[in-house]
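Counting starts at 1 for both ligands and their atoms, in listed order. From a predicted model like this one, the values you see are computed outputs, not experimental measurements. These values consider heavy atoms only, across backbone and side chains, with no hydrogens, waters or symmetry-generated copies.
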Amino acid sequence: MDSILVQGGGPLNGQIPIAGAKNACLTLMPATLLSEEPLTLTNAPRLSDIKTMTELLRSLGSEVATMQDGKTLAMSCHGEINTRAEYDIVRKMRASNLVLGPLLAREGVAEVSLPGGCAIGARPMDIHTDGLTLMGADIELRDGYLHAKAQGGRLKGKGAVIGFPFASVGATENIMMAATLAKGTTVINNAAREPEIVDLADCLRKMGAQIDGDGTSTITIQGVDRLGGATHPVVTDRIELGTYMLAPAFCGGEVECLGGRMDLLTSFCEKLDEAGIDVTETDKGLKVKRRTDEIKAINITTEPFPGFPTDLQAQMMAVLCTANGTSVLEEKIFENRFMHAPELVRMGANIDVAGGTATVTGVNKLKGAPVMATDLRASISLILAGLAAEGETKVSRVYHLDRGYEKVVRKLQAVGAQIERISE
Ligand code: EPU
């Protein structure tokens, strides 16, 4: 199994290109199931999660080809398709549940394995299934699979006003896709407002869908009889962007994140400012630099967009380990997303976790250590910590990183980091 070795200490200077968003691409890909015509995605990230979604879509009968540039996915799903998403693929990646809405919209039936829990929380699917039920689907759980069937063979939007108890990203995406081909108009109240939702809506509109209100809490989808093909660029990965913005904040130096946009990360940028980190917009992206040598302690609460993203909480916690003072981080999205804390403590951090709250008291320096992480964002937070620490850090279970950060070693080496991947 591969590991990553990091020698900490030096400042980072230069440019890092930001890829297309993993979480946008993972919801755009299943949209191919909604049409008989080709859907081409450009600016797709090169990640193992994208390969898993490719495998799933192929198992359902879709053609998926990666073009020579590695960033263009040409998909096509004509003729008959298979409506069963098997556990063997779904268990590898929760985002596989995003085929449920499209399959049900296209075929009127779907069997999708429940993905099961994961390292950061139980992550049930009740908001997805309650919404689809309101649209006229009968759904039951048998043998670990959700068996869904649209009454009368087609989902109904007419009269379906769906009020989410929580602004779930995945449920908004599943219902939005399902509603594009439903009969009548579907309204989602308390919808998620993440940029990935807006990106999906943009792509669906290019395919002929009638969607209004994406980016706000109320999304209205007027069902149509069929969708066509489209070519669509995947939006910039705001989480990869935020992660690399934290690298110079933590280690010193100045890094320009190419393709970065402030509007993707407004509240995160506000928190950086509060911590004493300058972010400047350039014509190519965002430049980041510490205002002084010292980072100030700050308090963070994770929230749905436009609040502080849960997917940047681990990385921010790592940075706050050497801040001046005590920071309090509250995790409000997932019930178990502090698995990186004990690993950071092994590197000399002073962190106290009580339920969904972590209290971080800044120390002078972190010290390199062998560490491992149980999820993607925790893994990258340990790499950031290793870059700022004294001595060598070895991060194992690198397969988590491959799910969400393309060319992480090369991107960090390019700004002067001493980092390498080793096979054992
Ligand atoms: N939830 C329910 N019931 C549901 C759906 C969600 O209780 O039916 C709960 C979840 O258990 C969780 C909260 O609601 O506690 C938020 O879940 P949400 O549905 O919004 O998240 P998701 O769609 O499963 C996406 C991203 C996550 C990201 C979250 C929150 C993808 C593929 N995944 O997950 O990304 O953390 O939104 O922003 O888009 C990551 O990239 O590292 C990652 C975990």
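- Counting only distance, with no hydrogens or angles, the side chain of S35 and the backbone of L227 share a donor-acceptor pair below 3.5 Å.
- Here CG of L312 is found 9.5 Å from CD1 of I300. Values are rounded to the nearest 0.5 Å.
- For the pair G285 and E256, the tightest heavy-atom approach, listed with the atom from each and the gap, is N-OE2, 4.3 Å.
- Neither the backbone nor the side chain of E303 has a heavy atom within less than 4.0 Å of ligand 1.
- With respect to atom 19 (O) of ligand 1, the closest heavy atom belonging to the protein is S168 OG, 2.6 Å.
- In summary, D273 and K296 do not engage in a salt bridge, as defined by a charged side-chain N under 4.0 Å from a carboxylate O.
- Ring orientation note: the planes of Y405 and Y244 are nearly perpendicular, at an angle over 60° on the 30°/60° scale.
- Residue P124 holds the heavy atom nearest to atom 4 (C) of ligand 1 of all those in P124, A122, A171.
- For the pair R205 and D214, the salt-bridge criterion is met [side-chain N within less than 4.0 Å of a carboxylate O].
- Ligand 1 has a nitrogen or oxygen under 3.5 angstrom from a nitrogen or oxygen of I127.
- Within the 4.5 Å cutoff, the side chain of Q313 has heavy atoms near those of the F338 side chain.
- A heavy-atom separation below 4.0 Å is found between M125 and ligand 1.
- Contact annotation: for F166 versus ligand 1, heavy atoms closer than 4.0 Å belong to the side chain alone.
- Below 3.5 Å of separation, one finds an N or O of D126 facing an N or O of ligand 1.
- The side chain of K22, and not its backbone, has at least one atom closer than 4.0 Å to an atom of ligand 1 (non-hydrogen atoms only; side chain from C-beta on).
- For ligand 1, the polar-atom distance check finds an N/O of V169 within less than 3.5 Å of one of the ligand's N/O atoms.
- At least one heavy atom of R337 sits less than 4.0 Å from an atom of ligand 1.
- In this structure, atom 24 (O) of ligand 1 lies nearest to the protein heavy atom R123 NH2, 3.0 Å.
- Contacts between T310 and ligand 1 below 4.0 angstrom, taking non-hydrogen atoms only, involve the side chain exclusively.
- Panel note: side chain R337, backbone T310; a donor-acceptor pair is recorded below 3.5 Å.
- Of all heavy-atom pairs spanning I295 and A249, the tightest one is CD1-O, 3.2 Å.
- Atoms of ligand 1 found under 4.0 Å from any heavy atom of A95 (numbered from 1 in listed order, with element): 32 (C).
- For atom 32 (C) of ligand 1, a protein heavy-atom neighbour is present inside the 4.0 Å cut-off.
- By heavy-atom distance, the residue among I333, D311, L312 lying nearest atom 15 (O) of ligand 1 is I333.
- An N or O contact shorter than 3.5 Å links N23 to ligand 1 by distance.
- Within a 6.0 Å radius of NZ in K92, more than 12 heavy atoms belonging to other residues, nucleotides or ligands are found.
- Residues P102 and L181 are not in side-chain contact: their nearest non-hydrogen atoms beyond the backbone lie 4.5 Å or more apart.
- For atom 23 (O) of ligand 1, the nearest protein heavy atom (residue, atom name, distance) is G170 N, 2.8 Å.
- With a 4.0 Å heavy-atom cut-off, ligand 1 is reached by the side chain of R377 but not by its N, CA, C or O.
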